[in-house]
Amino acid sequence: MANRRDFLKQGALLAGAVAFTGNASIAAPPLPSVNTDDDAYWKLIRAQYPLNKEKIFLNNGTIGPSPFSVIHEVQQDMLEVDTFGRYGGHEDVALKALGKFLNTKDTELSLTRNVTEGINIACWGLNLVKGDEVIMTGHEHVGHALPWLNRAKLHGIVIKVVQLGKTADETLNNVKNLITKKTKVISVPHIPCTIGQILPVKEICTLARERSIWSIIDGAHPPGMLLVDLKDIGCDVYVGCCHKWMCGPKGTGFLYVAENKRNEVQAYYGGGGFDTGWDMLSNPPMIKGYAENGHRYYYGTQNYSLFKGITKAIEFQNQIGRELIEKRVRGLATYLQDHLISLSDKIEMLTPTEAISRGAQVSFKIKDKEMSKLQSFCLEQKITTRYVAENNINCLRISTHIYNNQEEIDTFLTAVDKFMKA
Ligand SMILES: Cc1ncc(COP(=O)(O)O)c(C=O)c1O
């Protein structure tokens, strides 16, 4: 446990050192002899984040606050770049760390700015023709929906919408029933942004593979929340970001394309890094070939300091322990879900209660209530939540992460109760 103690100490020192947050009163928390999953330990974890002490942040599904160590790493590196005019760096280390984090080869990963970018690369890279069918859900985020809808508009591909079931089996069956001879792609979220249920992606990918259908998974939420194992999932493409549950720098993400599929996902945007050589003086001028790794999908000058921040964010999670993180964040969400259900029969729980289908997000409605009003009501009480307007769902989504605790959930439950009685 010594390394965990050192890690906490280091974070606490950084907490004291970072004054620009306006939260200069953050003092070094006492360092207990930490073992596992107790409140004192999680309080110290909370102190690793600059999060405002007066507020309760329950919207990690939109953006994951970074711990001080990540902010500090990026800040220091940017300072170094601008002090010495350094160019490049940190990319290989970040890719290796991400590869390990996701159980895949670093050569199968590309570094992107966000999920939307990764989805666009995969969506436009596939050779699809008019009439080809793509299965998606009615719960897509704009960043996953619009690339495909745009291809439908421009190229005449057909989007088929699958209903999510209350259980993983039901969802899997619904997908199966929608497959036709024209189905070329299944592109679904691992966890939709609306109701936060975990889809049976491994089973969906098996289904797709058996029928030579492309499987593309929008993994905006799971990395850093669940132990994501890409080889086990067996997808062709997985698109994720580091700025939600990984709590990495904002504007960082990744695209995974399975090695054996790389040549079928055409790279359309070119630039430094995406090629194996090029020649403007040959006749005709030409590109020799595409990079035999994920670099074929990104190019040009990047903010390399952010890559260093990705590595730090992974290190932070590894130091806490990823299984412990998953247990904690799912445990908090389960606590919230159970208490919401027993709070009132006016509450309609949208997130499935099936254990394998619930993660670290809970979405619900209240009968006859406009849920954006509950969001505003919570904000007045310094609680940040996410109102879900997508597809007229009209629900409130609560996200839990390691900086949250049961007391905060109780405060939120009290707010819901007050709102219902008002
Ligand atoms: C499920 C899902 N997909 C895609 C996105 C788009 O992510 P990004 O903003 O990183 O492009 C989000 C963002 O919240 C999301 O929740």
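Counting convention: from 1, in listed order, for ligands and their atoms alike.
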A.B. asks: If the condition is salt bridge (charged side-chain N to carboxylate O under 4.0 Å, His left out), which residues does K373 pass it with, not counting sequence neighbours?
C.D. replies: none
A.B. asks: What class does the angle between the rings of F419 and F377 fall in, given that below 30° is parallel, 30 to 60° is tilted and above 60° is perpendicular?
C.D. replies: tilted
A.B. asks: Looking at Y87 versus Y304, is the centre-to-centre ring distance below 6.0 Å?
C.D. replies: yes
A.B. asks: Applying salt bridge (Lys or Arg N to Asp or Glu O under 4.0 Å) to R262 and E292, what does each step give before you reach the verdict?
C.D. replies: CA-CA 8 Å; R262 193 182 297 135; E292 285 301 339; 3.6 Å; yes
A.B. asks: Quick one: table the atom pairs, ligand 1 N or O against protein N or O, below 3.5 Å, distance rounded to 0.1 Å.
C.D. replies:
{"residue": "ligand 1", "atom": "3 (N)", "partner": "D218", "partner atom": "OD1", "Å": "3.2"}
{"residue": "ligand 1", "atom": "3 (N)", "partner": "D218", "partner atom": "OD2", "Å": "2.6"}
{"residue": "ligand 1", "atom": "10 (O)", "partner": "V115", "partner atom": "N", "Å": "3.0"}
{"residue": "ligand 1", "atom": "10 (O)", "partner": "H243", "partner atom": "NE2", "Å": "2.9"}
{"residue": "ligand 1", "atom": "11 (O)", "partner": "V115", "partner atom": "N", "Å": "3.3"}
{"residue": "ligand 1", "atom": "11 (O)", "partner": "T116", "partner atom": "N", "Å": "2.8"}
{"residue": "ligand 1", "atom": "11 (O)", "partner": "T116", "partner atom": "OG1", "Å": "2.5"}
{"residue": "ligand 1", "atom": "14 (O)", "partner": "H141", "partner atom": "NE2", "Å": "3.3"}
{"residue": "ligand 1", "atom": "14 (O)", "partner": "K244", "partner atom": "NZ", "Å": "2.6"}
{"residue": "ligand 1", "atom": "16 (O)", "partner": "H221", "partner atom": "NE2", "Å": "2.7"}

A.B. asks: Establish, for the pair K153 and W148, whether the NZ or CZ atom is under 6.0 angstrom from the six-membered ring centre and no further than 45 degrees off its axis.
C.D. replies: no
A.B. asks: What distance do I135 atom CD1 and T183 atom OG1 have between them, rounded to the nearest 0.5 Å?
C.D. replies: 4.5 Å
